[in-house]
Amino acid sequence: MKRIKINLKEGSYFVYTGYPLNDIGKLIKEGYGKKTLILSDRNVHPLYGKTVKDSIAGKGKEIIEIVVPAGERAKTLNTAFKILKNCAENNMGRNDTILTLGGGVISDLGGFAAATYMRGIHFIAVPTTLLAQVDASIGGKTGVNLPVGKNLVGSFYQPSFVYMDYKTLSTLPEKEIKQGLAEIIKYGVIKSREIFNLLEKTPPREIKKNLPFLIEESIKIKKGVVEKDEKEKNGLREILNFGHTLGHAIEISHLSKFFHGESVALGMAGETYISWKKGLCGKNVYYAVKKMLKDYSLPYDFSSIEMDKIFDYLKYDKKARDGNLRFVLAQNIGKVKSGVVIKIEEVIKILREISKDEG
Ligand code: NAD
Ligand code: GLY
């Protein structure tokens with residue numbers, strides 16, 4: 001059990017790692033208003049809803065529960081509207097609380113509702129996926145998707161605290177564990193040779209025993225970045241986007257073929273290849289990243305990817321300014337250079353070669 005403090009100019013908060021779910025009520029008994037709205041999804045609520053509810057409920061505390069369909073499709077303004085309407089219909093006030101119990105979809109959605117209801121009420125995040133424990137629940141980005149793109153409506157809104165019980169990962173499907181591992185590999189490449197080495201030397205089937213350490217180290221890395229650039233104003237937070245420029249293009253252009261973490265995995269392989277070809281890192285770094293993704297059964301090989309679809313997306317992406325793309329590129333394991341601007345035509349030329357260099 002550890003308490004990691006995220007130090008911010010306003011609204012610092014604790015991330016409680018490895019705490020038992022049935023003890024969460026101890027932190028909510030005092031303060032946080034009379035009403036707690038628990039937002040969860042149809043997979044998570046039957047597993048953990050009662051434990052959280054029983055822990056919080058008690059003298060003077062009223063619980064409201066909203067259960068939404070599982071998955072990205074629920075992350076809409078429509079669902080946010082339903083949550084907000086419920087808050088109002090239950091006469092929730094400024095001191096009351098929205099508690100999210102679930103993965104990144106639920107914390108993004110519930111955090112957004114907490115940020116906007118009465119211009120901001122308490123928000124407590126209880127992440128139950130590996131991805132949400134190492135990334136989505138930390139750092140205050142909340143929001144919903146629009147039909148034309150992901151996360152286009154949102155707000156920076158920090159939780160009052162984050163509380164995670166590692167035991168919730170025992171029910172998480174293996175495919176979802178992999179999505180979180182992709183983000184942990186990302187932290188290794190951008191900032192931590194220690195994380196990368198540990199992943200490298202642990203047989204993947206035994207990695208679960210190292211998850212508490214890997215989660216805590218990942219949170220500490222994200223904490224360090226968020227503390228220096230909470231609202232993405234000075235460019236430092238950009239380092240968290242390693243693998244995401246290309247990953248995003250793969251995710252969108254290959255519609256639902258890859259989960260988010262898998263797209264980021266391919267993005268990390270492709271961007272490290274670009275880095276090698278641009279002379280920013282050695283071939284050994286590219287091969288180390290690729291081997292890591294392969295070992296953890298994440299996609300790394302572009303031979304089955306329709307490259308033209310990615311290129312079309314890159315050419316017309318609004319983020320491509322004046323025909324240029326911006327990357328965070330690996331210089332070594334544990335060190336990246338952000339803000340690297342490359343002409344789209346050059347990116348395409350380099351990536352056309354990538355399948356020939358597989359192996
Ligand atoms: P998710 O919330 O959809 O959860 C994945 C699946 O796992 C769902 O089907 C869910 O029902 C199920 N699940 C969750 N916990 C479970 C458990 N303990 N046992 C069994 N099943 C469980 O997705 P995710 O991967 O957690 O998060 C992805 C979302 O996070 C995306 O919308 C992404 O945009 C967002 N995100 C946000 C940030 C941020 O900084 N705010 C960062 C990264 C990702
Ligand atoms: N997941 C990227 C960020 O929080 O900035």
Side-chain angles (χ1 to χ4, degrees), residues 6 21 39-49 51-52 67-76 79 100-112 115 123 125-146 149-159 162 164-184 186-187 190 211 218-219 221-245 247-248 251-252 258-264 328 338:
I6 313 287
L21 209 51
L39 175 70
S40 192
D41 75 28
R42 285 187 195 151
N43 292 334
V44 180
H45 187 264
L47 296 168
Y48 306 112
T51 307
V52 172
V67 181
V68 300
E72 193 71 28
R73 266 185 289 174
K75 214 175 104 174
T76 62
T79 319
T100 60
L101 174 67
V105 164
I106 295 301
S107 53
D108 276 12
L109 192 52
F112 177 65
F123 163 38
V126 183
T128 61
T129 63
L130 184 56
L131 186 138
Q133 294 185 352
V134 297
D135 190 0
S137 70
I138 316 290
K141 279 191 183 175
T142 73
V144 296
N145 303 327
L146 289 183
K150 275 189 63 159
N151 301 323
L152 288 179
V153 178
S155 160
F156 284 100
Y157 195 69
Q158 302 292 344
V162 180
M164 57 187 80
D165 182 343
Y166 297 140
K167 289 203 192 79
T168 58
L169 299 178
S170 66
T171 52
L172 193 64
E174 285 304 313
K175 178 114 178 155
E176 298 295 344
I177 295 278
K178 275 205 294 178
Q179 310 312 309
L181 281 170
E183 295 293 346
I184 294 175
K186 178 191 85 177
Y187 287 120
I190 64 173
L211 282 182
S218 299
I219 293 170
I221 293 173
K222 186 148 186 188
K223 159 191 155 75
V225 175
V226 169
E227 285 176 353
K228 289 194 196 95
D229 186 17
E230 183 189 351
K231 299 206 171 151
E232 228 164 24
K233 289 218 165 115
N234 60 22
L236 291 173
R237 195 161 173 161
E238 185 187 349
I239 159 178
L240 299 172
N241 292 341
F242 171 61
H244 284 64
T245 305
H248 195 63
E251 194 172 0
I252 309 279
F258 299 109
F259 279 34
H260 178 72
E262 292 170 330
S263 309
V264 170
V328 175
S338 45

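Every number for a ligand or one of its atoms is a count from 1 in the order of the listing. Throughout, numbering of the chain's residues begins at 1 and tracks the sequence.
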Are any of the N or O atoms of Ala70 closer than 3.5 Å to those of ligand 1? no
Decide whether an N or O pair under 3.5 Å exists between Thr168 and ligand 1. yes
For ligand 2 and Asp135, I'd like to know whether there is a polar contact (N/O to N/O, distance under 3.5 Å). yes
May I ask you to check whether Asn241 has an N/O atom sitting below 3.5 Å from an N/O atom of ligand 2? no
Looking at ligand 2, is there an atom of it that comes within less than 4.0 Å of some heavy atom belonging to Lys222? yes
For [atom], tell me which residue out of [options] has the closest non-hydrogen atom.
atom: atom 33 (C) of ligand 1; options: Lys222, Lys150, Arg42, His260; result: Lys150
atom: atom 41 (N) of ligand 1; options: Lys141, Arg73, His244, His45; result: Lys141
atom: atom 23 (O) of ligand 1; options: Gly139, Gly104, Ala132; result: Gly104
atom: atom 10 (C) of ligand 1; options: Asn151, Asp41, Val68, Asp135; result: Asp41
atom: atom 19 (N) of ligand 1; options: Thr171, Asp165, Thr128; result: Thr171
atom: atom 22 (C) of ligand 1; options: Asn43, Asp108, Leu172; result: Leu172
atom: atom 2 (O) of ligand 1; options: Asn145, Val105, Leu131; result: Val105

closest protein heavy atom to atom 5 (O) of ligand 2 is Arg237 NE, 2.7 Å
Side chains of Asn151 and Lys141: any donor to acceptor distance under 3.5 Å? no
Does a donor on one side chain sit under 3.5 Å from an acceptor on the other, for Thr171 and Tyr48? yes
Go through it in stages, so that I can follow the logic: the residues are His260 and His244, the test is ring-ring contact (aromatic ring centres under 6.0 Å, His included), and I'd like the CA-CA distance, side-chain angles, deciding distance and then a yes or no. CA-CA 9 Å; His260 178 72; His244 284 64; 5.4 Å; yes
Could you check if a side-chain atom of Asn145 sits within less than 4.5 angstrom of a side-chain atom of Thr76, using non-hydrogen atoms only? no
Donor-acceptor under 3.5 Å ([X] side chain, [Y] main chain):
X: Ser263; Y: Phe259; result: yes
X: Gln158; Y: Gly139; result: yes
X: Arg237; Y: Glu230; result: yes

